[in-house]
Amino acid sequence: MACGVYRGLADPGPASAKHAESTHARARYVAGRSVELPHFNTNPPPILRVLAVASHNRVDALSDTMADFPGDLAGDLWRRVAELVADPAELEPPERANASDLMLRLGYPKEAARVLGMDAADPTAHEFSRECAIAELTVFVRRRHDPAVLERRALELARDRSHGARVRMIAANYVVVRNGRRGADTPALHEAAELALAASGEWEADPFAENLAAQTVHRATAYVPFVRGDVDGALRALELAEAHQKTAEAEVTGPLRELAWIDHAFPLYETIAKTHLRSGDEEQAVEATARLVELSPNDQRTWAARGQALLAARRLGEAAEAFARAIPLGGLPVARAAYYLAWIHDELGDRERAAHYSSLSCRVDPTVPASAELAQRLSG
């Protein structure tokens with residue numbers, strides 16, 4: 001992987017995705033002990049650090065603590081952050097929340113828990129703090145506790161009016177998305193959607209933060225009609241989300257807000273593309289993925305979504321170009337991109353190139369039966 005952000009907090013480069021730029025920016029703010037951070041929407045998967053160091057054959061960098069990270073890979077920013085989180089008792093609660101979030105972005109869930117004093121925390125009985133409730137919930141999620149328990153606790157948090165509107169809104173959104181992703185039209189889904197919308201209306205912040213928060217709520221609650229099979233209703237909710245996203249754009253001031261705006265925009269247009277695919281409108285899906293290319297052209301997710309939409313539209317040549325853009329970005333997603341390139345070139349009658357990409361897919365990830373079957377057929 002060419003980007004060095006997850007490999008020692010090196011400065012972002014020309015090949016860095018926007019989520020890597022966001023991680024580096026957040027690290028600078030954490031190291032500077034600033035709590036004035038805009039809300040970011042997602043945490044990159046912890047596997048990114050593992051893939052980054054493994055791609056350079058540095059198995060000595062796979063430990064689960066920052067203190068054990070090899071000194072020759074650690075940049076100055078990495079060392080400053082590691083020194084700061086070594087003694088979290090010195091940090092104020094908002095600083096601990098920011099530091100915990102950064103640990104998750106860098107792939108250190110145990111460190112994230114330690115920073116919050118949650119080393120042995122039990123999600124079934126944990127009392128969420130007023131200052132760090134969402135950070136604490138996120139740590140439980142990343143440490144892979146029982147999803148049913150986490151959904152129940154998140155719904156309790158969303159109902160608890162002793163917490164602020166922002167906390168209740170984010171907790172409710174979590175419940176909505178968890179149910180929506182598995183297609184579960186449950187009472188919890190509907191209650192959480194109502195709680196999220198109500199909390200969003202109560203929360204008072206600057207227009208930038210308010211509109212991005214409203215975007216996340218409407219994007220999440222689009223699952224309510226979606227799980228009932230009402231794709232048009234889901235798209236109407238996503239139109240509301242997009243309107244809030246565009247309104248927030250006028251409030252972007254400075255590079256950190258721009259990164260936060262992109263961090264919210266990316267999953268929105270990714271969701272719009274997927275929903276159009278479900279509705280059978282492949283061309284609208286392709287149009288939505290064009291926004292992803294504008295937002296983060298060095299993100300593997302961009303080219304996966306773009307390639308899938310073009311493939312569904314039977315624009316095979318363009319789909320091949322999209323999947324090919326993923327190859328030099330490196331990492332495990334190369335296996336999936338190479339598989340689709342093999343399939344496309346086989347469809348287009350170029351068996352030699354198909355065999356090349358099929359072999360690459362199997363070398364990157366030899367555990368996928370479909371890739372092995374395609375490679376065997378092409379070699380026959």
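Please read these numbers as outputs of a predicted model, since none were measured by experiment.
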>> For the backbone of Ala354 and the side chain of Asp346, can you confirm whether one donor and one acceptor N or O come within less than 3.5 Å of each other?
In response: no
> Arg26 and Asp101: salt bridge (Lys or Arg N to Asp or Glu O under 4.0 Å), yes or no, with the steps?
Replying inline: CA-CA 9 Å; Arg26 292 181 69 82; Asp101 175 83; 2.8 Å; yes
> Do other residues, nucleotides or ligands put more than 12 heavy atoms under 6.0 Å from the CZ atom of Arg142?
Replying inline: yes
> Which atoms form the tightest heavy-atom contact between Leu137 and Leu150, and what is the distance?
Replying inline: CD1-O, 4.5 Å
> Above 12 or not: heavy atoms from other molecules or residues under 6.0 Å from CG of Asn57?
Replying inline: no
> Do you know which two heavy atoms are closest between Glu95 and Glu90, and how far apart they sit?
Replying inline: OE1-O, 4.5 Å
>> Quick check on the 6.0 Å ring-centre criterion: do His126 and Phe140 meet it?
In response: yes
> Do you know the tightest heavy-atom contact between Ser371 and Ser358?
Replying inline: O-OG, 4.0 Å
> salt bridge (Lys or Arg N to Asp or Glu O under 4.0 Å) between Glu283 and Arg315: does it pass, once the steps are laid out?
Replying inline: CA-CA 10 Å; Glu283 293 303 328; Arg315 292 159 61 172; 2.6 Å; yes
>> Any donor-acceptor pair under 3.5 Å linking the side-chain atoms of Arg130 with those of Ser162?
In response: yes
>> Testing the 3.5 Å rule here: is there a donor-acceptor pair between the side chains of Thr65 and Glu111?
In response: no
> Checking Arg228 against Tyr223: charged group under 6.0 Å from the ring centre and within 45 degrees of the axis?
Replying inline: no
>> Ring centres under 6.0 Å, that's the criterion: do Tyr29 and His24 meet it?
In response: no
> Among Ile170, Leu212, Ile134, which residue meets the side-chain contact (heavy atoms from CB on, under 4.5 Å) test with His39?
Replying inline: Ile170
>> Test of understanding: clusters of I, L, V, M, F, W, Y form through side-chain heavy atoms closer than 4.5 Å, transitively. Do Leu48 and Leu9 belong to the same one?
In response: yes
>> Could you check whether atom CZ of Arg182 has more than 12 heavy atoms from other residues, nucleotides or ligands sitting under 6.0 Å from it?
In response: yes
> So which heavy atom on Tyr174 is nearest to which on Ala154, and how close?
Replying inline: CD2-CB, 3.6 Å
> Between Ser296 and Thr302, does any side-chain donor sit less than 3.5 Å from a side-chain acceptor?
Replying inline: no
> Is it true that the NZ or CZ of Arg301 lies under 6.0 Å from the centre of Phe266's six-membered ring and within 45 degrees of the ring axis?
Replying inline: yes
> Do the rings of His345 and Tyr357 sit parallel, tilted or perpendicular, given the 30° and 60° boundaries?
Replying inline: parallel
> For Leu277, does its backbone N or O pair with a side-chain atom of Glu282 as donor and acceptor, under 3.5 Å?
Replying inline: no
> What do you reckon, are the aromatic ring centroids of Trp78 and Phe69 less than 6.0 Å apart?
Replying inline: yes
> Same cluster or not: are Leu197 and Val175 linked, directly or through other Ile, Leu, Val, Met, Phe, Trp or Tyr residues, by side-chain heavy atoms under 4.5 angstrom apart?
Replying inline: yes
>> Show, in sequence, the C-alpha distance, side-chain angles and deciding distance for Lys18 and Glu21, and conclude whether the salt bridge (Lys or Arg N to Asp or Glu O under 4.0 Å) test is met.
In response: CA-CA 5 Å; Lys18 289 299 180 182; Glu21 292 184 33; 3.5 Å; yes
> Is the NZ or CZ atom of Arg49 both under 6.0 Å from the centre of the six-membered ring of Tyr6 and within 45° of that ring's axis?
Replying inline: no
>> Please determine whether residues Val30 and Leu77 belong to a single hydrophobic cluster, defined as Ile, Leu, Val, Met, Phe, Trp and Tyr linked transitively by side-chain heavy-atom distances below 4.5 Å.
In response: yes
>> Tell me whether Asp146 is salt-bridged to Arg152, with the criterion being a basic N under 4.0 Å from an acidic carboxylate O.
In response: no
> How far apart are the closest heavy atoms of Arg80 and Gly32, and which atoms are they?
Replying inline: NH2-N, 4.4 Å
>> Distance alone, cut at 3.5 Å: any donor-acceptor contact between the side chains of His264 and Arg219?
In response: no
>> Would you say Ser16 and Asn298 are linked by a side-chain donor-acceptor pair, where the criterion is simply a distance under 3.5 Å?
In response: no
>> Tell me whether Trp303 contacts the main-chain N or O of Pro297 through its side chain, where contact means a donor paired with an acceptor under 3.5 Å.
In response: yes
> Testing Arg306, Gln284, Gln308 for side chain to side chain donor-acceptor pair (under 3.5 Å) with Thr289, which one passes?
Replying inline: Arg306
> Any link between Leu116 and Met103 through a network of hydrophobic side chains (Ile, Leu, Val, Met, Phe, Trp, Tyr) touching at under 4.5 Å?
Replying inline: no
> At their closest point, which heavy atom of Ala375 faces which heavy atom of Cys362, and how far apart are they?
Replying inline: CB-SG, 3.8 Å
> Do Tyr269 and Glu242 have side-chain N/O donor and acceptor atoms under 3.5 Å apart?
Replying inline: yes
> For Glu156 and Arg153, what are the C-alpha separation, side-chain angles and deciding distance, and is it a salt bridge (Lys or Arg N to Asp or Glu O under 4.0 Å)?
Replying inline: CA-CA 5 Å; Glu156 291 171 359; Arg153 294 306 314 278; 2.8 Å; yes
>> Does Ile272 form a side chain to side chain contact (heavy atoms under 4.5 Å, CB included) with His276? I'd like the steps, not just the answer.
In response: CA-CA 6 Å; Ile272 290 171; His276 279 305; 3.5 Å; yes
> Above 12 or not: heavy atoms from other molecules or residues under 6.0 Å from CD of Glu83?
Replying inline: no
>> side chain to side chain contact (heavy atoms under 4.5 Å, CB included), that's the test. Do Leu378 and Leu374 meet it? Break it down for me.
In response: CA-CA 6 Å; Leu378 291 170; Leu374 180 59; 3.9 Å; yes
>> With heavy-atom distances below 4.5 Å as the criterion, would you say the side chains of Val334 and Asp365 are in contact?
In response: no
>> Between Glu131 (side chain only) and Pro93 (backbone N and O only), is there a donor and an acceptor less than 3.5 Å apart?
In response: no
> Hey, what's the ring geometry for His218 with His244, parallel, tilted or perpendicular (30° and 60° as the breaks)?
Replying inline: parallel
> Any donor and acceptor pair, going by atom type alone, linking the side chain of Arg181 with main-chain N or O of Val176 inside 3.5 Å?
Replying inline: no
> Taking atom types as modelled and ignoring hydrogens, do the side chains of Arg96 and Ser100 form a donor-acceptor contact shorter than 3.5 angstrom?
Replying inline: no
>> side chain to side chain contact (heavy atoms under 4.5 Å, CB included) for Leu195 and Arg159? Distances and angles first, verdict last.
In response: CA-CA 7 Å; Leu195 289 169; Arg159 294 168 178 155; 3.9 Å; yes
>> Could you check whether Glu239 pairs with Arg236 (Lys NZ or Arg NE/NH1/NH2 to Asp/Glu carboxylate O, under 4.0 Å)?
In response: no
